[in-house]
Engineer: 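Below you will find the structure I want to go over with you.
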Amino acid sequence: HVQLVESGGGSVQAGGSRRLSCAASGDTSGGMCRYWFRQVPGKEREVLGTIDGHDISSYADSVADRFLITRDRRQNILYLQMNSLKVEDTAMYYCAASDRYWKSDVRLWKCDDHKYWGQGTQVTVS
């Protein structure tokens with residue numbers, strides 16, 4: 001089992017920056033896929049970025065030019081650096097993780113569908 005704890009949320013002015021952290025603990029030794037999501041009330045959870053089984057990052061078009069995902073492997077912390085924040089970035093932000101597995105027929109590391117979730121951290125931009 002894996003536990004995830006987000007931190008770093010709060011209030012920020014439009015145009016400003018904020019960095020969120022997601023500390024992982026538990027059985028992460030096999031390598032994991034990592035994600036950042038956000039959700040506003042009444043809307044579906046939106047994926048912001050992913051680090052896949054090959055450590056390749058990808059981003060949603062809506063944030064690709066403003067958000068950056070990095071990680072500290074030694075401390076097992078995932079970060080979301082958010083720049084040029086807009087009012088519409090106001091949301092609850094969640095990190096997630098899933099186990100990766102080797103798919104031998106295509107020789108690729110794949111991400112398991114099951115995700116572990118953090119409790120979320122609120123970011124309010126005004």
Side-chain angles (χ1 to χ4, degrees):
H1 193 67
V2 174
Q3 296 81 41
L4 303 172
V5 179
E6 301 100 332
S7 60
S11 298
V12 60
Q13 289 190 337
S17 298
R18 197 84 179 182
R19 189 177 78 162
L20 306 182
S21 301
C22 174
S25 60
D27 186 10
T28 62
S29 59
M32 306 203 80
C33 303
R34 305 295 299 274
Y35 316 84
W36 281 103
F37 287 80
R38 68 184 177 189
Q39 189 170 26
V40 297
K43 292 190 176 181
E44 289 190 3
R45 195 167 291 189
E46 173 191 13
V47 61
L48 302 175
T50 300
I51 297 179
D52 70 11
H54 291 271
D55 287 338
I56 296 173
S57 301
S58 59
Y59 298 88
D61 290 342
S62 59
V63 301
D65 60 343
R66 299 184 295 122
F67 290 9
L68 178 68
I69 298 175
T70 59
R71 63 177 167 185
D72 181 329
R73 290 182 178 278
R74 187 174 63 85
Q75 298 194 63
N76 217 348
I77 300 174
L78 188 74
Y79 298 101
L80 179 66
Q81 177 66 43
M82 305 184 293
N83 301 317
S84 302
L85 283 163
K86 305 175 182 179
V87 172
E88 51 265 41
D89 293 318
T90 295
M92 184 71 81
Y93 284 72
Y94 298 90
C95 70
S98 62
D99 295 315
R100 67 172 187 170
Y101 62 95
W102 180 249
K103 199 166 189 305
S104 58
D105 58 340
V106 295
R107 300 184 61 77
L108 291 172
W109 286 103
K110 305 293 283 184
C111 300
D112 199 302
D113 288 339
H114 171 74
K115 290 181 176 60
Y116 304 97
W117 293 94
Q119 83 287 352
T121 186
Q122 176 71 33
V123 174
T124 302
V125 185
S126 60

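We number each residue from 1, following the sequence as shown. Values below: every heavy atom of this structure, side chains too, minus hydrogens, waters and symmetry copies.
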Engineer: Which residues pass the ring pair (Phe, Tyr, Trp, His ring centres under 6.0 Å) test with Tyr116, sequence neighbours left out?
Structural biologist: His1, His114

Engineer: From Thr28 OG1 over to Arg34 CZ, what is the distance, rounded to the nearest 0.5 angstrom?
Structural biologist: 8.0 Å

Engineer: Not counting sequence neighbours, list each pair that qualifies as a ring pair (Phe, Tyr, Trp, His ring centres under 6.0 Å) and has a residue in residues 57-85.
Structural biologist: none

Engineer: For residues 51-89, which residue pairs pass the disulfide bond (SG atoms under 2.5 Å apart) check, not counting sequence neighbours?
Structural biologist: none

Engineer: Please enumerate all residues that pass side-chain hydrogen bond (donor to acceptor under 3.5 Å, both in side chains) together with Arg66, with sequence neighbours excluded.
Structural biologist: Asp89

Engineer: Linking I/L/V/M/F/W/Y whenever any side-chain heavy atoms sit under 4.5 Å apart, do Val2 and Tyr101 land together?
Structural biologist: no

Engineer: Take atom CG in Asp65; do more than 12 heavy atoms of anything else shown fall under 6.0 Å from it?
Structural biologist: yes

Engineer: Using the side-chain contact (heavy atoms from CB on, under 4.5 Å) criterion, which residues pair with Ser58? Sequence neighbours excluded.
Structural biologist: Thr50

Engineer: Has Asp105 got more than 12 heavy atoms of other residues, nucleotides or ligands less than 6.0 Å from its CG?
Structural biologist: yes

Engineer: Which value, rounded to the nearest 0.5 Å, describes the distance between Arg19 atom CZ and Thr70 atom OG1?
Structural biologist: 6.5 Å

Engineer: Between Asp72 and Gln75, which heavy-atom pair has the shortest distance, and what is it?
Structural biologist: OD1-N, 3.0 Å

Engineer: Verify the cluster assignment for Leu48 and Val125: are they in a single hydrophobic cluster under the rule of side-chain heavy atoms below 4.5 Å apart?
Structural biologist: yes

Engineer: Look only at the side chain of Arg100 and the backbone of Asp52, and say whether a donor-acceptor pair between them is shorter than 3.5 Å.
Structural biologist: no

Engineer: Going by the disulfide bond (SG atoms under 2.5 Å apart) test, which pairs reach into residues 61-122, not counting sequence neighbours?
Structural biologist: Cys22-Cys95, Cys33-Cys111

Engineer: Quick one: name the residues clustered hydrophobically with Trp109, using the 4.5 Å side-chain heavy-atom rule over I, L, V, M, F, W, Y, and just say none if it's on its own.
Structural biologist: Trp102

Engineer: For residues 80-88, tabulate all N or O donor-acceptor pairs below 3.5 Å that involve a side-chain atom, not counting sequence neighbours.
Structural biologist:
from  : atom 1 : to    : atom 2 : distance (Å)
Gln81 : NE2    : Asn83 : OD1    : 2.9
Asn83 : OD1    : Ser17 : OG     : 3.0

Engineer: Could you tell me the separation between the CD atom of Gln39 and the CD atom of Glu46, rounded to the nearest 0.5 Å?
Structural biologist: 10.0 Å

Engineer: For residues Val40 and Ala91, report the shortest heavy-atom separation together with the two atoms involved.
Structural biologist: CG1-CB, 3.6 Å

Engineer: Starting from Val5, walk the hydrophobic network (Ile, Leu, Val, Met, Phe, Trp, Tyr; side-chain heavy atoms closer than 4.5 Å) and list everyone else you reach, by chain and number.
Structural biologist: none

Engineer: Using the side-chain hydrogen bond (donor to acceptor under 3.5 Å, both in side chains) criterion, which residues pair with Lys110? Sequence neighbours excluded.
Structural biologist: none

Engineer: CG/Asp99 to CG/Asp27 distance, rounded to the nearest 0.5 angstrom?
Structural biologist: 7.5 Å

Engineer: Show the nearest heavy-atom pair for residues Ala96 and Lys115, with the distance to one decimal.
Structural biologist: CB-CD, 4.3 Å

Engineer: Write down the atom of Gln122, the atom of Thr90, and the distance for their closest heavy-atom approach.
Structural biologist: NE2-CG2, 3.9 Å

Engineer: So which pairs with a foot in residues 17-51 pass ring pair (Phe, Tyr, Trp, His ring centres under 6.0 Å), sequence neighbours left out?
Structural biologist: Phe37-Trp117

Engineer: What about Tyr93 and Ile77, same hydrophobic cluster or not, with Ile/Leu/Val/Met/Phe/Trp/Tyr joined at side-chain heavy-atom distances under 4.5 Å?
Structural biologist: no

Engineer: Mind checking whether Arg38 and Val123 have side chains closer than 4.5 Å, heavy atoms only?
Structural biologist: no

Engineer: Any side-chain to backbone donor/acceptor pair from Glu6 onto Gln119? Under 3.5 Å, distance only.
Structural biologist: yes

Engineer: Hey, quick one: are Ile51 and Tyr94 part of the same hydrophobic cluster, counting side-chain heavy atoms closer than 4.5 Å, chains of contacts allowed?
Structural biologist: no

Engineer: Kindly write out the residues that satisfy side-chain hydrogen bond (donor to acceptor under 3.5 Å, both in side chains) with Arg73, not counting sequence neighbours, or none if the list is empty.
Structural biologist: Asp55

Engineer: Under a single-linkage definition using a 4.5 Å side-chain heavy-atom cutoff for Ile, Leu, Val, Met, Phe, Trp and Tyr, are Met32 and Ile69 assigned to the same hydrophobic cluster?
Structural biologist: no

